[in-house]
Amino acid sequence: MSMEFLDGNTILYSAAFGLMLIGIGGIVISNHLMRIIFGIALLEAGANLLLLLSTYHEGASAPIIVDGIIPAMMADPVPQALVLTAIVIGVGILALALSLAIRVQRAYGTLDMREVRLRLEQEICDEAGIEMPSSSEKPAEVIKTPVNSVVQQESGS
Amino acid sequence: MTALDNLLLISAVTLVIAVLAGNSRVGGWLVTIMYALQGAALMMMSGLGYSTLTMVQSSFSIEVLSQQLLWRFDALSWFFALITIGAGLFCSWFASGEWGEKYRDNGGSLRLFHGALALNVFSMLVLLASGDLLTLFIGWELVSWASFLIMALAGGKAFGYAMRYISYAFAGAMALLGGLLLIYAEVGSFDFQSLKEAVPTMSSATLWLLVVLLTAGFGVKMAILPFHLWQAKAYAETPGPGAAFLGAISSRMGLFAFIVVIVQLIGISRLVEMKIPFTFLDAQDLLAWIAVFTIIIPTYIALRQHDARRLLAWHGVGQTGYMLLGIVIANDLGSAGGLMHVFNYATYQAMLFMVVIAVIHRTGTSNLNKLGGLFTRMPLSYLAMLVGIIGLAGLPPMNGFVSKWLIYRSLIVDGSPLLFLGAVIGTLGTILSVYKLIHNIFLGQLRVEHVAVREAPLSMVIPMMLLAAVVFVTGYFPGLVLDWTSAVQASIGIPVLAHHLGGIDMKGGLDMIWIVSVLLVGFGFGTLVFFLGGRSKRVHQLDNYAGGHFLTAETRYHYSDNFYPGLMHLIGPWYRNSFEWLERGLISAVDTLSTAMQGLYRNAHPSYLLLAVVVFALSWVIV
Amino acid sequence: MNLLVLMIALPLLAAFLLSIIDRASSFAARVIGPLVLLATAAIGLSVWSQLGDAPQAVQWGGFQAPLGITLYADQFGLLFALAMTIGTLLLWPRSTGNQLRSSSLALLLAGTGSGLALSGDLFNIYVFYELMTVVSYGLIASRGTSGSFASTLRYLVISGFGAALALAGIALVYQATGTLNLAQLAQVAPEKLNNLQGFAAFVLMLVGFGVKAELFPVNMWVPEVYATASSRVSALLAGVVSKLALLIIMRLLILVFHQPEALTVLLVLGILGVATGELAAWRARDLNRMLAFSSIGQLGVMFIALSIPGNAGIFAALAVAVHHLFLKPAMFLLAARWGGSIRRLCGAAKTSPVAAGLFVLLSLSLIGVPPLPGFWAKLLVIMPLLTLDQPLYYFAVFIILAAASLEANYLFRVVMKLYDKQPTAVPHKAHATADLATAVFLGGGLIAAVFMLVPLADRLDSIAAQATDVSTYIQTVAPQSLEGDVQ
Amino acid sequence: MHFFELLVELLLMPILAFVIGLAMVLMMRRIGARIQRRVGPPVLQPIYDIIKLYSKETQISHGLMHEIGIIMAVGGYIAAETLLPVPGLDGLADKGGAVTLAYMLMIPALGMALGVGQCANPNGSIGISRALTAMLAYDIPFILVIFGVSYVYGTTNLAEMITIQQQQGVASWGIVQMPLLALTALLILPAIMGKHPFEIYVAPAEIATGPMVEMSGKFMGGLFVMQCFQLYTAGVIFTTLFLGGGLYWITFLPKIFLVVAIPMSVAYLFPRYRTEDVLRLMWKWPMLLGLIGLAVVMK
């Protein structure tokens, strides 16, 4: 066990998980939308790598039967096909994300996720005709009144 | 078609008629006649009320989720159904005349009113007919939402109160559902009989959980402490006779279900075995104490009300305590008293509400500080109210006395002085409060603006007078009602009270025929003594002096506001609204949690950081 | 059984051909979408009627089971495929802008949804799921407001995160078993996936697919999206699409993952979903977000139901899901004109009495008032929970019941507003006829269900039984044992 | 025939009560006078008073309820007396026990209250408000006493209580068996009788005699008659509960007069209590005594 932990497999798995970890880190920690989108891309890359690794054998040959000779160790073709599909989808989504980011940048003039969230909240609230729920200056009104008066209070104001 | 099918069918037809024709002039009368027909259909089963018949099945039954849903009537259902239909009949009658026209002219929908009333009666009958725990719950919910409907009819303020009601009621219903499903999980069936058989083998912990859940569920409807806050306001704001109906019977459905499940199936004797650790109390004592506090606290809240409807509604909450107390004591006297009180209370509470609504109809207010001296203007209404308050206060010769006497007597037999004391404190508070009620409305100074007030129309007076007759006659001959309660006692398996037409034959018994007769004769002699004296000169109602000054009609000298200053001086500070605080605290807790949850949903990042780390760490470890 | 393939291919094909048809005749382009869906639905129904008790499998692309693309149709999957098709038909998006794009997106949604429901292969599920996600991005953004773009982007971030996790989960499964065919997985799962790795794969896939099913920690997009998307799209997403994601999780639970820990995870996340969703809804000030939060709660109940081992759990979840399938879209349709502050709804019942009445009915069913179907669905969830006799399950029951009381409170606050007589400044708009008609149709379905409770329950039970029948699944897809083929 | 005998009893009991009540009123006045170092009224004064009141020229009636109120007040007591067993006359004692009696006694009070209310004099209403508050004050300890006694004798039937006490001698008398409860009853007796120092509800200087403010002529006369019954009833109840009742009038009469006289003489020494002080007092000492007494007897 102790010797095995530095073999190729481990390193590759570490790379896959590392990529995913970095991706998740990017999504979670950063606030800039571009970084978040890149985070997703990294995460997907990691997941794809993991899928590839799932049947990876060192030194296996391509799964092509040439002249009826079946190689001793063939790489499993299925994950490779799958990864291809996944990459295609991933790229599509990435493109979509970027185009959306452009739209958002045009609308809100920012790509900061916090800012976007606030503006979005503001927009929803404005459309609904209600106040932003969490402004720190104004304590919630409902707390002071019992259930039944919530109805009245809303109609009263 | 069994008799029960007929009854339910007629009730459903009543509902249809009410919805279709409720708005027309004859619609109300038609519906009233339909209630009378329901009463007749009920009388076809009157064997239930006299123990000559044990059960009437409905031929209608369905199977859902491999549960056979059954509906049937037994003596208990019959007894409650009698009150329900009676209340429906009188309230509908009351509503059909001038009251309805005025209601419609003021923009109310009479169709909706009659519909809601008929729906209430129908759903109550369905609940009363429930033959297993699942149908019980279905009926329960129907009743809850039906009363929600009638409470919300008035709109405006009533919406808020109805909302509060449904918040309580639905939470209660959920507790009830939890309890019933717990029973299902334990017993494997919703059947009454299998629950009864399984109770002896249930563990104490399970039983405690069950009793707590079920009592909370039923208790919300009964408005026992600490769930009493919703009732008075919601009932008081219900339009007109709807308040009388709800006040008379609606929350009694909670008592019905309580009797069915806790008394009949689980059994009070089982409750006695359930001791509360570190105290001398058991579950029965706990319930009895809840009942006593339900008597005292709402009664003294009623004492402080300025609105006649609120005052009555709060007394309604308090009177529930007597019923529960009697039934929880569960000896022959107590349970008979509790059951009889259901009937008695319904009669005088409906009547009292009707009087107050008649007063509102004529004067436009039920504010006790804005009325007075109406005795000369509405003497029949006054008479009804007098009969009603004597009943409500539990004084002879009205029927309220008999049921309360039975409950007191049961407590003496049971040897529970403190419960007895609590019950009496409630009665005394009631006397104070009802005197204030009748004094502020009918006695004292007549207001100038009420000089032209006339007696309520016949459509209102006749139901009142009939109910007054019932209150008096069943006080004179309590045996009439005790026959029914005995049948109920027999059917739910508690000791049957030996009685005769006049009352109870036992050591230290009661014979109302003698008591009332002697009282009437005493009054006769009193009259004789009175007219021995010289002729008195009748002065005008407004011809008054105080402190040597002539009081003009414009001067407001009616002693009405803060009627018991001495008492309030002492006990005023005890009104702390603790339960209101509790309710508000609960709401703010939910509100704070809710705000927190919204915050959680707005700030997505931190939460899935956590998740991602966990998931990731997990998969790392594995691979 | 190429009919089955047609169910997926037809809408997809139509979606791609739509722009070409549009050049020829814009009218044809407008009617062709619904017609295709109608045809698809008819196909689905005919398949359903042929199906009976025997599920059917189709190998697409000429390869045999483990290699080819497997479609598996039992009543369970078909039910959801039909729900997808008919749901899309009923909630056909009406865009103010580019109707053509919306139409093709809707067709794509129906196609990919049906594909998702009928797939018998983990990777196809992943592909269809991703496609469906992309389509739903398009649908949400099709409203064209800046808010809808922003919320789509935020949705995309969470969804992308989830998809990657699901992919990682699939990788773990493949690594352990060497196959992604559900039938094969069902065969080998007990020995190869009944371990920590299997559990990790399950959690990853649960979180991944849970994004659409509004599973607790990955449902932060729900309120924003439902508040910014058009109400029909919200109705589709909340009502139908979420159920498809749920279907996948059910399939995985039935066929592949049997760890007791998996059930615990579902239970805990379900409880959290119910608690957070319903609590958040309690304070919502606008109808759209209130409904959004409440649908989080409802889906939480489904997850709790799924955590019940055995047939009962699937049956219960199915019942709740079908109930929600009828109810939530109708509510969102009603919210179309009633969006915005609840305060503004004062007296709306006068303008649209039918809609208000319907809202009351739907609310009653949602909170579970007997004898409406919602009550029986809830009963199906709670009854088995209590027989399990474990503290956490008791707690779940408590949460469900408490949540129902909260629901009653906030929904009836809205109802009270609707019937309030106080006048408002803004006059109320009556509902669009199509919206109202659809909502009435769905509400009518609920009422009809009251009268057909018994046959309905029996049918759902048999569907659940068929779904949980693992051996039939294996035999239908691959009659011969596949032990040797697995590497 | 029993029925006929009973009828005679029922007639006789209120008349006896009235006569004894008159004597008690006289005694009260005499005691009061002696304490204040006056001579006091002559023996027949109460009768003169009643005759005078009933034959007055000015008799103002404020309406029907005013009159009915007086009738209820007198009639209620007439009826209540038949429930009180006295030597040789059991009346209706077996038809309704102590609890019934306690509630029967509220009927005259209610009648008076209604009558006063109809007079529409604020002073009258204030008086009633105070009287009802006082009732709330003394009835709570009173009910404790009734409970304790009923519990000890195992019956609420007053006649049976007398029988038990008579048969088992002085040692079985209530006052011996439950001295604390007897003391409680003694403490609240003046309040039950509406006498000094618990008569804030009539307070002549303050509210012009309160409930009596509008009572003239036979109305006042009715209240006078009621007072006679009131004193008698209080005396008999206490005697029945604690002093063994009486088999013969010769032993019975001294007891009831003593019962009325003792608290009266002591009470005259105290100034009037305000309403809230009545409550405070009644809910403190008599309650405490009563509860301890109950705890002792129920042990």
Side-chain angles (χ1 to χ4, degrees), chain B residues 62-66 107 134 137-142 144-145 148 152 155-156 159-160 162-163 166-175 177-178 181-182 184-186 188 590-591 593-605 607-608 610-612 614-616 618-623, chain C residues 154 158 161 165 168 172 175 195-197 199-201 203-204 207 217-223 275-277 279-284 293 296 364 367-371 375-376 378-380 382-383 385-387 389 397-398 401-402 404-406 408-409 412-413 416 419-422 453-454 457:
Chain B
I62 51 170
E63 195 185 311
V64 182
L65 307 179
S66 66
L134 201 57
F137 184 76
I138 295 172
W140 182 265
E141 282 286 272
L142 280 178
S144 292
W145 290 94
F148 171 73
F159 269 2
M163 192 63 224
I166 204 63
S167 304
Y168 271 86
F170 200 76
M174 288 298 107
L177 184 61
L181 292 177
L182 194 65
Y184 181 79
E186 291 285 324
V590 172
D591 212 69
L593 274 176
S594 176
T595 315
M597 290 312 155
Q598 288 210 331
L600 178 71
Y601 277 99
R602 270 200 302 278
N603 304 303
H605 278 168
S607 63
Y608 69 88
L610 199 71
L611 177 93
V614 170
V615 169
F616 216 81
L618 206 64
S619 26
W620 184 257
V621 168
I622 300 154
V623 183
Chain C
R154 282 171 59 77
I158 299 176
F161 167 81
L165 288 192
L172 287 185
Q175 207 252 355
N195 52 22
L196 219 50
Q197 182 174 354
F199 177 58
V203 171
L204 285 170
V207 171
V218 283
N219 52 8
M220 310 300 166
W221 55 274
V222 172
T276 57
L279 274 170
W282 198 75
R283 236 182 104 77
F293 282 127
I296 290 177
L364 286 176
I367 58 186
V369 173
F375 168 70
W376 303 105
K378 207 163 270 183
L379 212 59
L380 282 178
I382 299 175
M383 284 202 313
L385 277 177
L386 283 172
T387 47
D389 211 18
V397 172
F398 167 74
L401 294 176
S405 334
L406 277 181
N409 195 303
F412 270 79
R413 237 168 356 184
M416 287 296 179
Y419 285 96
D420 203 331
K421 291 189 183 100
Q422 278 177 345
L453 266 180
V454 181

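Quantities reported herein were computed from a predicted structural model and do not represent experimental measurements. Computed from heavy atoms alone, side chains included, the values below leave out hydrogens, waters and symmetry copies. Just so we're on the same page: letters track the sequence lines, and every chain starts at 1.
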- prompt: Checking heavy atoms, do the side chain of W145(B), its backbone, both or neither come under 4.5 Å from chain C?
  reply: side chain

field: Which of L453(C), L406(C), V397(C), L364(C) touches chain B most, by non-hydrogen pairs under 4.5 Å
entry: L364(C)

statement: Given F293(C), F398(C), F412(C), the one with more heavy-atom pairs under 4.5 angstrom with chain B than any other is F412(C)

field: Heavy-atom pair count under 4.5 Å with chain B, highest-scoring of N219(C), V222(C), T387(C)
entry: N219(C)

- prompt: Which atom pair, heavy atoms only, marks the closest approach of A404(C) to F170(B)?
  reply: O-CE2, 3.4 Å

Heavy-atom pair of closest approach, residues S405(C) and A171(B): OG-CA, 3.7 Å

- line: Heaviest contributor of heavy-atom pairs below 4.5 Å to chain C, chosen from L181(B), I62(B), L182(B), is L181(B)

statement: Tightest non-hydrogen contact, residues A185(B) and L386(C), listed as CB-CB, 3.6 Å

- request: State, yes or no, whether a side-chain contact exists between F159(B) and D420(C) at a heavy-atom distance under 4.5 Å.
  value: yes

- request: Please name the pair of heavy atoms, one in G277(C) and one in Y601(B), separated by the smallest distance, quoted to 0.1 Å.
  value: N-OH, 3.9 Å

task: Taking all non-hydrogen atoms of both residues into account, name the closest pair between A408(C) and M163(B) and its distance.
output: O-CE, 4.2 Å

query: Can you tell me how far CG of L379(C) sits from CZ of F137(B), rounded to the nearest 0.5 angstrom?
result: 8.5 Å

- prompt: To the nearest 0.5 Å, how far apart are CG in L279(C) and CD in Q598(B)?
  reply: 10.0 Å

task: Measure the spacing between CZ of F375(C) and CD of E141(B) and express it to the nearest 0.5 Å.
output: 7.5 Å

Test applied, side-chain contact (heavy atoms from CB on, under 4.5 Å); reference residue, W282(C); option that passes from D591(B), L593(B), T595(B): D591(B)

statement: In terms of heavy-atom contacts, G178(B) and L401(C) come closest through CA-CD1, 3.6 Å

query: So which part of A152(B) gets closer than 4.5 Å to some heavy atom of chain C, the side chain, the backbone, both or neither?
result: side chain

- prompt: Which one of L142(B), I138(B), I166(B) has the most heavy-atom pairs closer than 4.5 Å to chain C?
  reply: I138(B)

